[in-house]
Every structure is written in structure tokens, then in C-alpha cells.
Protein chains: 2
Amino acid sequence: MDIEQTKIPQATAKRLPLYYRFLNNLHTQGKLRVSSKELSDAVKVDSATIRRDFSYFGALGKKGYGYNVEYLLSFFRKTLDQDETTRVALIGVGNLGTAFLNYNFTKNNNTKIEIAFDANEERIGSEVGGVGVEHIDDLEEKLGDISVAILTVPSSAAQGIADRLVKAGISGILNFTPARISVPSNVRVHHIDLAIELQALVYFLKHYPLNEDDVEEDQ
Amino acid sequence: MDIEQTKIPQATAKRLPLYYRFLNNLHTQGKLRVSSKELSDAVKVDSATIRRDFSYFGALGKKGYGYNVEYLLSFFRKTLDQDETTRVALIGVGNLGTAFLNYNFTKNNNTKIEIAFDANEERIGSEVGGVGVEHIDDLEEKLGDISVAILTVPSSAAQGIADRLVKAGISGILNFTPARISVPSNVRVHHIDLAIELQALVYFLKHYPLNEDDVEEDQ
DNA sequence: CGGAAGTCGTTAAAGATTTCACATACTTCA
DNA sequence: TGAAGTATGTGAAATCTTTAACGACTTCCG
């Protein structure tokens, strides 16, 4: 069951969902085969990097042919655990939280926001994007065995909520607040800091001018 | 004027806004000095990495003392061009776009969303977060010399809008759509793909279990 | 069938980033 | 003033990531 997949580079792991989504597109379009070069054009990742990434999982392609879309897709489906849905909670139903609730993650994705929490009485009991909004006071009681949370609360509330989430047994937090929250070392936090992303883009524009010959790249 | 800052590692450059924001906090709190260790605890970046990052700009600290908050802050203010505000356009006033418009970027930040565009007639002419919403048809006419755009449109519209932005002279795009857009090599695109971030977090949770001894890390 | 063209998987090199570890120099305090 | 303590800045090592290059095998087509 547990195939030797533990040493896949993190950089590779982060690209897997991207590959998966694009393969899904190809499959929907009825394409039967794809080369690393074609994939490269579509996802903007160097073709050698793609081949290297795939090679960590073994020989998935065929020389002179490329990759069989169906096969590759089903392989990634297994690898990314697409068959079992990961249940997610969202804390903070502001604009950003609402954006998430309306985003159809379940399509092309193994995740589903099952429950949302907010402190604003007006929102409690309503449904946003098909997800019921509960009062933040009921967090511990209603979280159940959900192990992943999206944090879209005001940054002043971030650490407090994070502490409660940890106590309630969460294992991963996707933190959209500017606060860098502290958690025990067995809880994983990914920070996505919108203001910083924007500021970094501006900095790169000023200090890392692109030439006509450079290739636009990611992140 | 143009100090030798061109070879600062990209990884370092991406952390600068984070440092800057935290220094701002410290300054507001009236703190006079700070050590790389303290900074490390706050921003969750290894203290050696912080010292290394700072060292690319020269000797900013004092041995046995640490860094003078005021000095460091004013240094970063210059380095990050905080004195001149970068004007930004936002395309797509949905939930996510609205979240941005209500986000006060200008505080702690050198960027300001000056204008927004949308295709939905109902939104045109209104103000969201103090920013006027224009019709997407008027993009070229009203963009002016704005050089950075935040793209929060449906992914099916992403490439088309990107093409128009490029023609209108944009230099940088912060792309929140799942579409990997193609642009000329002199335009910089940073992708932030929310579904993929969530999926990657789930993947890491399953395949990269954290021990009690590991330290939670970023991105 | 045979040769040309195509594409993978991989070795090796290059490049980027992080981390260690410590000499050095400053601060503090008696 | 001097000793003890502190924290920087950096050389060197370790680690991680990307990219180039090419042998090997497939497919394609005449």
C-alpha cells in the first residue's frame, strides 16, 4: 500500500495538483496522448522538469510516444488520493471566505468545504455556496473529525482561532491572514499572504527586469 | 542611485515584504532593537536565513546588539520603494476581487488599487472598498499608465483579458485564476492558485507527516 | 522492412537556497 | 576598566532544485 513515495521532492509535490488538473482537462477534451513538451507549454513548467517529476514515480511514459493521458490521469488520481474526499472547514465568512465557499473545489479536486464558522450573528444559520455557517463559539463541538481548515478571519483573531483549531485536533491550516501563527510542530501551516504576494510582484518588477529573452515564470 | 542590489536571491526578495511588515509592527510597538532570533520567532524563518538575507544589503546590524528597528525599517522602506505608491488595477469584482478591494493594502504597503473592472452591468459605476468599478469594455481607455493588474476573473476569461492587459502596456499580473496564462516574455506573471494550494496542503499532510520534532514551515 | 523522427528516463552538471558554526566585535554591568 | 555575555556576518558545507544532454527505445511512414 505504502509505496516508496516518501522522498519525492517538495518542489515536485507542489506541482502535482497542477499536472493533475491539466491532465483532467486533456482527458475531458478526449486527448489520448501528451508529451512532456505539450504539458510544458500548458502549465509553464520546463519539460525536463516535468519528466524528472514524473520519473520519481517510475516509468509512466513511453519513449517516442509520450504519456497516455488516461493512464497518467488514473495514476495521479491514486497518488493524489483523489478517490477519497478530504473534508475541510472554513473559518471566517468575509469576502475572502465567501469566495472560497463559492469556489467549486470538489470539481477536479479531492477537497470539499463541509462547514463554515463566523462570529457575525447575521451570517449564522445561513448557507453560502451550499455550506452552512455555524457560530464560531460552536467550533469545537461541530468540527468533528475534520482535519484541514482554511483560515480567513481578521488577522487579530488568527492566533486565537488557530489555538482552538489545534486543540480541536486539526492537522493542517491554510492561513490567509497576514499573521504568522504559531502551532505545535505536528501541525502543518501554509501561509498565503495576499499583500505580500502583491508587494513581491512589485519588487520583482522593479528589481528583476525581464528581457525579451527571459521566460515568465512562477511564484 | 542604482545600488548593487540586482543579484539578491529571489528567495530573499520574496521574504523582504514579510520582514518589512513585521518591522513596522515592532516600530509601532515602540521597540528600539531586535535580534535575528526574535525576528525568526515572529516570521517563522530561520534566524541564520534572516541574517544571511540582511547581509546581502551590507552590514545592517551591530554585533552583540542586534538591529536597530528604526534604521532597519527606514532601510527597507527605501529598498522596497515604499515611498512611491504603485498603482494597481483589479479585473473581476467577484467575491475574491471584492475581498481585495476591501483589503487595505495601502497601510503597510506601497500599493493601491486605483481602479476596478467588471463585465457585470450591475456593478458598473458602483464603488467597492472605495474603488470605482468600470466596465471591462473600457479597459484600454481607462487603464492609463497603471502597470500592475490583479486578475480575479473566471478562468475562462483569463487569457483574453491577459492579452488585452498586455496590449494596454501592463508589466505585471497577479493571476488568481486557475488558468496558466501566456504572455510575452517581458511581462511578469505570478500565479496564485487557491485550489492547488489547498490540494498541495492535503498532499503534504498525507505524505509528509510531521514529527513532534519537525518545525512547521512555509509555503 | 528499414530508416528518420520523436520522446522518454536518467546521469551528471549547474545553480540556488538553507543551515552550520564560529571568529569577531559590540554591549553590559560590576 | 575588564570580564562575561550576546548576536552579527560569513566561509564552508549541506541540501534541494533546475537544466542540459543524450542513449535507448518507439512510432511513423514510405
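It should be emphasised that the depicted structure is a prediction, and the values quoted were computed from it without experimental measurement. Chain identifiers are assigned alphabetically (A, B, ...) following the order of the sequence lines, protein sequences preceding nucleic acid strands; residue numbering begins at 1 within each chain.
- To the nearest angstrom, P of D:dA7 lies 15 Å from CG of B:N68.
- Note that CZ of B:F54 is 6.0 Å distant from OH of B:Y67, once rounded to the nearest 0.5 Å.
- Rounded to an integer number of Å, the gap from B:K37 NZ to D:dG5 C1' is 16 Å.
- There is a side-chain donor-acceptor pair under 3.5 Å between B:N95 and A:N102.
- Nearer the 5' end of DNA chain C, as judged by each residue's closest nucleotide, is the contact made by A:G64, out of A:G64 and A:G61.
- The shortest distance between side-chain heavy atoms of A:V45 and A:S40 does not fall below 4.5 Å.
- Proximity of B:Y203 to A:T79: side-chain heavy atoms (C-beta onward) are separated by under 4.5 Å at one or more points.
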Return the polar atom pairs (N/O with N/O) between nucleotides 28-30 of chain D and the protein under 3.5 Å, or none.
from: D:dC28; atom 1: OP1; to: A:R33; atom 2: NH1; distance (Å): 3.3

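- Salt bridge B:K14/A:E197: absent, no basic N to carboxylate O contact under 4.0 Å.
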Tabulated below should be each protein N or O lying under 3.5 Å from an N or O of nucleotides 20-23 of chain D; please produce it.
from: D:dA21; atom 1: N6; to: A:R51; atom 2: NH2; distance (Å): 3.4
from: D:dG23; atom 1: N2; to: A:K63; atom 2: NZ; distance (Å): 3.4

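- Cation-pi geometry between B:R33 and B:Y65 is satisfied (NZ or CZ under 6.0 Å from the ring centre, within 45° of the ring normal).
- Contact annotation for B:T12: no contact, since no heavy-atom pair falls under 4.0 Å across all strands.
- The salt bridge (Lys or Arg N to Asp or Glu O under 4.0 Å) contacts involving residues 46-59 of chain A comprise A:R15-A:D53, where partners must be two or more places apart or lie in separate chains.
- Among pairs with a residue in residues 80-105 of chain A, those fulfilling salt bridge (Lys or Arg N to Asp or Glu O under 4.0 Å) read A:E84-B:K206, A:R87-A:E114, A:R87-A:D145, at least two apart in sequence or across chains.
- Contacts of B:Y67 with the nucleic acid, taken as non-hydrogen atoms under 4.0 Å apart, involve only primed sugar atoms and P, OP1 or OP2.
- Taking the centre of each ring, B:F204 and A:H190 come in below the 6.0 Å mark.
- Put simply, the side chain of A:V34 reaches to within 4.5 Å of the side chain of A:L39, judged on heavy atoms.
- In this structure, B:S36 reaches the sugar-phosphate backbone alone: every heavy-atom distance under 4.0 Å involves primed, P, OP1 or OP2 atoms, never a base.
- Using a 4.0 Å cut-off between charged nitrogen and carboxylate oxygen, B:D41 and B:K37 count as a salt-bridge pair.
- The nearest whole Å value for the distance from the NZ atom in A:K62 to the C1' atom in D:dC25 is 11 Å.
- The distance from atom NE2 of B:H191 to atom CZ of B:R180, rounded to the nearest 0.5 Å, is 4.5 Å.
- For the pair A:D53 CG and D:dT18 C1', the computed distance is 10 Å after rounding to whole Å.
- The end-to-end axis angle of the helix from C:dC1-D:dG30 to C:dA30-D:dT1, rounded to 10 degrees and based on five pairs per end, is 20°.
- Between chain B and DNA chain C, the heavy-atom contact criterion of under 4.0 Å yields a 5' to 3' nucleotide range of C:dT17 to C:dT28.
- Salt bridge B:E140/B:K167: absent, no basic N to carboxylate O contact under 4.0 Å.
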